[in-house]
Amino acid sequence: MGIDIIRMTTPLDRKALAGLKAGDRVSLSGDVLVFRDEVHRILCGKIGEGIALPFDLKDRALYYCGPTPARNGMPVGSAGPTTSGRMDRFTGPLLARGLAMTIGKGNRSAEIVQLLQKHRAVYLVAVGGTGALIARHITASRIIAFPELGTEAAREFTVIDLPLIVGMDMYGGNAFV
């Protein structure tokens, strides 16, 4: 007996996201935004001041990650997930701008469960400690904004069959409880 894996591609289809349930296994391919804390702070500041963002968030996936420098012909070094709970205070404004999926590691606050339901979005989990294995699923990495932040610049990865687990679905389902 095999384990069902749901294949998804970006840009994300909200109808397809509606079929995901907490605990489902997902294989994600396509372009994924990549931010850490400082980019979140800058973007939320711009949103608060009514300034346009340098890229569109509609129906996008966002991976919380700070990759290590590229080596041996690969687009990035290790690319493991960052603790998602640190981003909770920034998530609401990004979901309100159309973000459809966040990816990281660990549990999130009760507020995030409610925001995912409100915005029909999902939270997926990448397995912590597997950064070198995750990097094998990344075929390209581009800086898309804030290059002055160095390793924390806003990036976009192209991924193929990135292995993920649905941590929180859009119905309040939570794999952590």
Side-chain angles (χ1 to χ4, degrees), residues 3-50 53 55-67 79-131 134 137 152 154-157 159 161-177:
I3 297 173
D4 291 333
I5 297 175
I6 301 166
R7 296 195 175 283
M8 303 199 84
T9 58
T10 63
L12 297 164
D13 176 347
R14 299 282 177 158
K15 289 181 182 175
L17 293 180
L20 297 178
K21 302 287 185 269
D24 285 347
R25 293 181 59 185
V26 171
S27 175
L28 180 66
S29 296
D31 293 332
V32 176
L33 297 168
V34 181
F35 311 156
R36 289 195 56 170
D37 309 56
E38 187 61 13
V39 171
H40 281 82
R41 188 189 64 71
I42 293 169
L43 293 178
C44 287
K46 288 182 180 292
I47 290 169
E49 294 174 20
L53 301 182
F55 40 77
D56 191 9
L57 296 173
K58 184 170 176 32
D59 298 330
R60 305 287 310 264
L62 168 58
Y63 182 32
Y64 303 136
C65 172
T82 298
T83 302
S84 302
R86 289 199 331 258
M87 312 306 168
D88 284 359
R89 64 188 169 128
F90 303 115
T91 302
L94 303 183
L95 291 174
R97 294 291 187 279
L99 187 67
M101 176 187 287
T102 56
I103 303 165
K105 70 176 180 182
N107 201 357
R108 309 214 46 192
S109 68
E111 178 187 8
I112 295 300
V113 173
Q114 293 174 351
L115 286 170
L116 294 173
Q117 292 176 282
K118 176 181 178 183
H119 295 287
R120 299 184 40 80
V122 295
Y123 168 58
L124 277 64
V125 179
V127 177
T130 60
I134 289 172
H137 296 271
E152 288 209 26
R155 294 178 182 272
E156 185 176 67
F157 286 167
V159 299
D161 296 328
L162 183 64
L164 303 166
I165 299 167
V166 179
M168 296 174 177
D169 60 39
M170 65 174 62
Y171 307 105
N174 185 343
F176 293 92
V177 294

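Source: prediction; values computed, not measured.
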* Which pairs count as ring pair (Phe, Tyr, Trp, His ring centres under 6.0 Å) when at least one residue sits in residues 81-104, sequence neighbours excluded? -> H40-F90
* Asked: Do the side chain of Y171 and the main chain of A18 share a donor and acceptor less than 3.5 angstrom apart?
  ->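 Checking the backbone N and O of A18 against the side chain of Y171, a donor-acceptor pair under 3.5 Å is found.
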Min side-chain heavy-atom separation [X]-[Y] under 4.5 Å:
X: E111; Y: R89; value: no
X: I134; Y: V127; value: no
X: I47; Y: L94; value: yes
X: F157; Y: L162; value: no
X: M170; Y: L17; value: yes
X: L33; Y: L57; value: yes

Can you sort out the partners of [X] under side-chain hydrogen bond (donor to acceptor under 3.5 Å, both in side chains), two or more places apart, ordered by chain and number?
X: D13; value: none
X: R97; value: none
X: E156; value: R60, R142

Roughly how far apart are [X] [atom1] and [Y] [atom2], rounded to 0.5 Å?
X: Q117; Y: I112; atom1: CD; atom2: CD1; answer: 12.0 Å
X: M168; Y: L115; atom1: CE; atom2: CG; answer: 11.0 Å
X: Y63; Y: T82; atom1: OH; atom2: OG1; answer: 7.5 Å
X: T83; Y: K105; atom1: OG1; atom2: NZ; answer: 4.5 Å

* Asked: Is it true that D169 and K21 make a salt bridge, defined as a side-chain N closer than 4.0 Å to a carboxylate O?
  ->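 Salt bridge absent between D169 and K21.
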* Asked: Is it true that the side chains of S27 and D161 contain a donor and an acceptor less than 3.5 Å apart?
  -> yes
* To do: Sorted by first residue and then second, give each side chain to side chain donor-acceptor pair (under 3.5 Å) pair with at least one member in residues 41-50; sequence neighbours left out.
  =>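 Every pair satisfying side chain to side chain donor-acceptor pair (under 3.5 Å) with a residue in residues 41-50: E38-R41.
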* **Partner residues of F55 under the ring-ring contact (aromatic ring centres under 6.0 Å, His included) criterion, sequence neighbours left out** => F35
* Does Y123 have R108 sitting over its ring (NZ/CZ under 6.0 Å from centre, angle to axis within 45°)? -> yes
